[in-house]
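Every number for a ligand or one of its atoms is a count from 1 in the order of the listing.
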Amino acid sequence: MDSQSVRPLLDDICAAMEQREDRGRVADYIPELAGIDPDQFGISICLADGQQLSAGDATTGFSVQSVSKVFTLAIALGRYGSRFWDRVGREPSTLVFNSVQELETRDGIPPNPFVNSGAIVTTDSLLVGATPKETLAEIIQFVRQAASDDDIYMDPEVAASENASGHRNRSLAHFLRACGNLRHDCDLTLGTYFHHCALEMTCEQLARTGRFLAGLHPSGHLIQPGHIRSINALMMTCGHYNGSGEFAYRVGIPGKSGVGGGILAIVPRRASIAVWSPGLDQFGNSLRGTAALAKLTHLLRLSVFSVS
Ligand code: GLU
């Protein structure tokens, strides 16, 4: 896979996505995200030779939301190693991403770190020995280093908007706390969680941030290779909530979606890919983003399940 073969494909994919009539539904449970234009589409890919190729709205910023859970997991694994898994499982979820029922049936141990309950526990683990401000600074520092870009911020209005309407997440935090699986005050942990979900990035920045998961960061491994393998496995099996099986079937590479419409997808040793289109499918994953990745992995035979 080199830039000459990829370049025309990106333009073709952009044109195909433009023509698609079904664009999905923009997430409206976070009021600040409800007014986003669903017609936007961007894609960017970082290749093993250091080149980056982009098409469409790849330099427009968007709220990465749950894609940020990949970065908090990377920091938590670095800090706790395998002890992290005492508090969070590694199994796909079967219900919606903010399900209280799923947490209740597992006695307060979230199924995986990418559903909301699991990500709230991850954030809680990062708050040990640090204030929310210090924790957020650590997260943003990690992301900027991964992206080789200091121009990345959290949007306080998106965080405030989610804080004002985040009753589901509040119920998850309180349930976790009741089960003894949340060490910090619910509001303090949620405030930190809402802020890291409110990271704003462009496709170009997100694709560069993902290089460390493909083993392609220019400074070498930012985290232990064993942790990279763990995160990629989790992205493949749990990165699209209860739509993860569908994503593996259609796209076939590790990926993590967010309700802002972004997806970070990884081809280990070969590429880091970011796509963004705000309209979501029934699982809360970008509809056109998934379709674009399915087309790309099909054309370039990138699915790990492909034999030809
Ligand atoms: N901040 C969002 C929430 O907690 C993240 C969900 C997502 O992006 O899938 O609901």
Side-chain angles (χ1 to χ4, degrees), residues 24-34 36 38 61-73 88 92-103 110-124 126 132 136 139 143 154-176 182 186-201 203 206 209 234-235 238-244 246-247 255-265 274-287 289-290:
R25 275 195 62 199
V26 170
D28 54 8
Y29 74 98
I30 302 175
E32 193 69 20
L33 300 183
I36 290 176
F62 62 92
S63 194
V64 305
Q65 290 297 317
S66 277
V67 183
S68 65
K69 296 170 183 174
V70 171
F71 313 132
T72 51
L73 176 61
V88 185
S93 51
T94 52
L95 301 174
V96 67
F97 63 90
N98 51 14
S99 169
V100 183
Q101 188 187 338
E102 182 122 41
L103 187 61
N112 64 66
F114 294 152
V115 291
N116 287 10
S117 56
I120 292 168
V121 170
T122 309
T123 307
D124 181 61
L126 297 184
L136 291 171
I139 296 167
V143 169
M154 293 165 184
D155 183 334
E157 283 175 22
V158 172
S161 172
E162 194 173 3
N163 193 30
S165 59
H167 302 296
R168 273 276 189 160
N169 286 322
R170 245 179 207 100
S171 58
L172 289 171
H174 282 277
F175 192 82
L176 287 164
L182 202 76
C186 293
D187 284 338
L188 187 121
T189 310
L190 286 170
T192 313
Y193 167 78
F194 292 145
H195 273 84
H196 76 62
C197 286
L199 268 166
E200 174 104 357
M201 279 192 236
C203 283
L206 186 57
T209 308
L234 265 288
M235 287 169 79
C238 313
H240 282 70
Y241 308 123
N242 47 335
S244 297
E246 183 70 11
F247 188 82
K256 180 72 202 89
S257 68
V259 293
I263 302 175
L264 174 63
V275 287
W276 170 61
S277 186
L280 309 178
D281 64 16
Q282 76 270 31
F283 301 111
N285 303 315
S286 175
L287 190 108
T290 306

inquiry  = Under the criterion side-chain contact (heavy atoms from CB on, under 4.5 Å), I'd like the reasoning laid out for His196 against Leu126: C-alpha separation, chi angles, the key distance, then a yes or no.
reply    = CA-CA 12 Å; His196 76 62; Leu126 297 184; over 6 Å; no
Worksheet entry | Residues Ile120, Leu176; criterion side-chain contact (heavy atoms from CB on, under 4.5 Å); working and verdict | CA-CA 9 Å; Ile120 292 168; Leu176 287 164; 4.1 Å; yes
Steps toward side-chain contact (heavy atoms from CB on, under 4.5 Å) verdict (Val158, Phe194):
CA-CA 8 Å; Val158 172; Phe194 292 145; over 6 Å; no
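Counting heavy atoms under 4.0 Å from ligand 1, residue Glu162 touches it through the side chain alone.
Side-chain contact check for Asn116 and Asn169: at least one donor-acceptor pair (N or O, by modelled atom type) lies under 3.5 Å. Using modelled atom types and a 3.5 Å distance limit, the side chains of Ser99 and Gln101 yield no donor-acceptor pair.
Between Asn169 and ligand 1 there is a heavy-atom distance shorter than 4.0 Å. A heavy-atom separation below 4.0 Å is found between Tyr241 and ligand 1.
The contact set between ligand 1 and Gly258, taken as ligand atoms under 4.0 Å from a residue heavy atom, comprises 8 (O). Interface atoms of ligand 1 facing Phe97, defined by a heavy-atom separation under 4.0 Å, are 6 (C), 10 (O). Ligand-side atoms of ligand 1 in range of Cys197: 1 (N), range being under 4.0 angstrom from any heavy atom.
In this structure, the protein non-hydrogen atom closest to atom 2 (C) of ligand 1 is Gln65 OE1, 3.1 Å.
On a distance-only criterion, Ser66 and ligand 1 share at least one N/O pair closer than 3.5 Å. Residue Val259 has at least one N or O atom closer than 3.5 Å to an N or O atom of ligand 1. Remark: ligand 1 and Asn116 share an N or O pair separated by less than 3.5 Å (distance only, no angle test).
Not one N or O on the side chain of Ser161 forms a donor-acceptor pair closer than 3.5 Å with the backbone of Glu157.
Between Leu182 and the options Thr123, Leu190, Asp124, a side chain to side chain contact (heavy atoms under 4.5 Å, CB included) holds for only Asp124.
For the residues Tyr29, Phe194, Phe283, Tyr193, the heavy atom positioned nearest atom 4 (O) of ligand 1 is part of Tyr193.
Using a 30° and 60° split on the angle between ring planes, Phe247 and His240 fall in the parallel class, below 30°.
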